[in-house]
Enquirer: 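Quick one: this structure, given as structure tokens, is what I'll be asking you about.
Here is the naming used below: chain letters follow the sequence lines, and residue numbers restart at 1 for every chain. All values reported here derive from a predicted model rather than from experimental measurement. As a basis for the values below, the full set of heavy atoms in this structure was taken, side chains included, without hydrogen atoms, waters or symmetry mates.
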Amino acid sequence: MKEAMKTVSAKLKHVRTSLSSLSSRPYSPTPLASHAKPRNPSSSTLLNEFASFCYQRDLPRAMKAMAAMERHGIYADSITYSELIKCCLARNAVEQGRLVHKHVSSNGYQPKTFLLNILISMYVKFKLLQEAQAVFDQMPERNVVSWTTMISAYANVGLSDKALEFFVLMLREGVLPNMFTFSSILRACNGISNLRQLHCGIIKVGLESDVFVRSALIDVYSKLDELRDAICVFNEMETKDLVVWNSIIGGLAQNSDGDEALNQFKRMKRAGFTADQATLTSVLRACTGLALLEVGRQVHVHVLKFDVDLILNNALLDMYCKSGSLEDAKTLFEKIVHKDVISWSTMIAGLAQNGFSQEALKLFDLMKASGTKPNYITIIGVLFACSHAGLVDDGMFYFRSMKRLYGIDPGREHYGCVIDLLGRAGKLDEAMNLVQEMECEPDAVTWRTLLGACRVHRNVDLAIYVAKKILKLDPEDAGTYVLLSNIYANSQRWEDVTEIRRQMRERGITKEPGCSWIEVNKQIHAFILGDTAHPKINIINRRLNQLIHKLMGIGYVPDTNFVLQDLEGEQRDDSLWYHSEKLAIVFGLMSSSSGSAIRIRKNLRICGDCHTFAKLVAKIECRLIVIRDPVRYHHFQNGQVMSYDGEFEFHSNYKCRYKFPLEEDSLSNYKIQDMLNLGYQMVQPREGSKELSLEHEGVPFWYPYNSSLETPSLPDGIYDV
DNA sequence: GTAGGGTTAG
């Protein structure tokens, strides 16, 4: 901050000097404006011609007329010049724009602040910030518009410090910011203390009710992870417009609160607003986070209205990839005519995440051939693909040559992928060397990647070293404490186990119980280790036992290595058997015949055993297919899953049969009576189905999501999965 | 009259 202030005062000094030098300039003859008496008979004709060419948007003739005027020392009024500049902007005529600037600075003519503001804005729109800055620097007087234009220009190109510096300078010059200034400067906000100060300032000058200011506030609060404040600003608003709704929906979707984003979307529709591409993009993001493929499909229907919108199509593409619906993703990808680097990167990462590494790498070649330049994120996808398929050599090649071939310096994420690649291949030493080679400091995520490899390859010593590194960087990471404790317990180092437990107690760290849930027929069923609340728990357990014995017959051995040590005897065995996720999987198996998409989620990291179980179940129960893992991925070695981290999703053969427009009700959690009140009719269940169906004018109502998940409470203690 | 808010890939 001190540094910033120094620069600010230096600037102030500079501004003052330039101001004083301007005021002490020798008097120059007042130029002729349109209202001034023409010097010769042709002057008024020239001015009239010039004005008419400007208003007719006839750029070449206007430029010619302007040159003639300049020769005669004749000048038009600011409005005419502003029309001419608009014309230059519309035609992207940079050189002509410069000529207008040169013209109004010729013969000692002194353009008004208004015209200079337009020139600044022109250079900003041509992305010529230096030129804009030069005009600004030479202005004899600057008003709030001049300052706001510069602030907005710097904020938009991500030069937040510069924008904030200008804001401070502006205040020091005694220029009062208005709603335009605040909505621009908010975009440059890079920390919560800045934001709070600005928010106070906004309230102080009574601008808090401006929708532009509000939507910017909502956006910045949510980008800084202050969702509660964002919601507060949103709720306090009396009148909301579409952008305000989009800000809150986008904010929630970006902060992984997809449920609430969809709820707000529903409210927005009820309030009578029609979604635009920004709304739908955020809704899609919410669907992507929740893996709500079917809701996403319904959004697709609406996307067709904006079928040339690249951002929206990219979001849709990502939704299909993340929901494991590769066929839809590929079809869509083909349809996107002007693919940008995001389209390509999304598809490459999507293929890699879904296990099609070779295809991902082929697509990368196609991308290069198409002339699209890969960026930082593209390379992450490529390395991810190599890592997924165990392509150590290819991965190392891409990693080592990325700087030379694409001019991209490897960042943490690239290192992460390659450490993972090496780690999973058992090359722990090389992985460790790479960590040490990193130019940026390895963070907890990097170390956790290595820890994952240590678990898989049972390297206890390195695991202990790495776990300690993680706890130094992230002392609240309950998972690592438990893991460390388990490793010690496994090696009978009971004193160390006690020590870790003591640290956890002292620091007040508790491990949240592992919880899995599954959505079957629009209802969510939650399972927690040791919990018997589910009404069908006995049948599920019986079925699970049968399955496990069947699986043991084909070689399944439950992994006991990293099981909880504070559960004893029978309980411990139970934890092997009745893992929450296994219960959810079995419940899904029992219910999937009804034809619903089954989705299992976890809120915790899980060890390899459960995934092995799931894969084997998938072998004997062919309707169960593992389709996605958005966070990390499975690692297969000799046909066996070695580790798994992230989210499960299973699909039955269910396909959404109805594609109907996304009406306001189709995302709601209406009870049946509410639906009937809305004009829906109850229809006879289909043969073999015990479900009630609702239809509206022959269109079936599909009830996509129920967020009423309540996690049952568990006794205190350390729970691992 | 010139300046302002929300949308995509890791």
Enquirer: Apply ring pair (Phe, Tyr, Trp, His ring centres under 6.0 Å) to A:Trp344 and list each qualifying residue two or more places apart in sequence or on a separate chain.
Expert: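 Once residues adjacent in sequence are excluded, the partners of A:Trp344 under the ring pair (Phe, Tyr, Trp, His ring centres under 6.0 Å) criterion are A:Phe333.
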
Enquirer: Could I get the full list of ring pair (Phe, Tyr, Trp, His ring centres under 6.0 Å) partners for A:Phe397, not counting sequence neighbours?
Expert: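 Partners of A:Phe397 by the ring pair (Phe, Tyr, Trp, His ring centres under 6.0 Å) criterion come out as none, since no residue qualifies.
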
Enquirer: Roughly, in whole Å, what's the span from CD1 in A:Ile79 to C1' in B:dT2?
Expert: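 In whole Å, B:dT2 C1' and A:Ile79 CD1 are 9 Å from each other.
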
Enquirer: B:dG1 base to A:Asn117 side chain: any donor-acceptor pair below 3.5 Å?
Expert: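 Absent.
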
Enquirer: So which of residues 196-207 of chain A are in contact with DNA chain B, with a heavy-atom cut-off of under 4.0 Å?
Expert: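 Per residue number, the list is empty: none.
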
Enquirer: Taking only residues two or more places apart in sequence or in another chain, which ones pass salt bridge (Lys or Arg N to Asp or Glu O under 4.0 Å) with A:Arg98?
Expert: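 For A:Arg98 the salt bridge (Lys or Arg N to Asp or Glu O under 4.0 Å) partners, ignoring immediate neighbours, are A:Glu95, A:Glu131.
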
Enquirer: Can a salt bridge be assigned to the pair A:Asp210 and A:Arg214 using a cut-off of 4.0 Å between side-chain N and carboxylate O?
Expert: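 Answer for the salt bridge query: no.
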
Enquirer: Checking A:Phe53 now: which residues fulfil ring pair (Phe, Tyr, Trp, His ring centres under 6.0 Å) with it, not counting sequence neighbours?
Expert: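 Here no residue qualifies.
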
Enquirer: Between B:dA3, B:dG4, B:dT7, spot the one nearest the side chain of A:Ala278, thanks.
Expert: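 Ranking B:dA3, B:dG4, B:dT7 by closest atom to the A:Ala278 side chain puts B:dT7 first.
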
Enquirer: Is it the case that the base of B:dG4 and the side chain of A:Asn178 share a donor-acceptor contact (distance under 3.5 Å, atom types as modelled)?
Expert: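 No, no donor-acceptor pair under 3.5 Å.
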
Enquirer: Of the listed nucleotides (B:dA3, B:dT2, B:dT8), which one gets closest to any side-chain atom of A:Asn314?
Expert: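 Of the candidates, B:dT8 comes closest.
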
Enquirer: Suppose the criterion is side-chain hydrogen bond (donor to acceptor under 3.5 Å, both in side chains): which pairs have a residue in residues 222-234 of chain A, not counting sequence neighbours?
Expert: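 Listed by first then second residue: A:Arg196-A:Asp229, A:Asp219-A:Lys223.
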
Enquirer: With a 4.0 Å cutoff (strictly under), does any side-chain N or O of A:Lys322 reach OP1 or OP2 of B:dG10?
Expert: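 For B:dG10, OP1/OP2 do have a side-chain N/O of A:Lys322 under 4.0 Å.
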
Enquirer: Within less than 4.0 Å of OP1 or OP2 of B:dG1, is there a side-chain N or O belonging to A:Lys86?
Expert: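 For A:Lys86, the contact criterion (side-chain N or O under 4.0 Å from OP1 or OP2 of B:dG1) is not met.
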
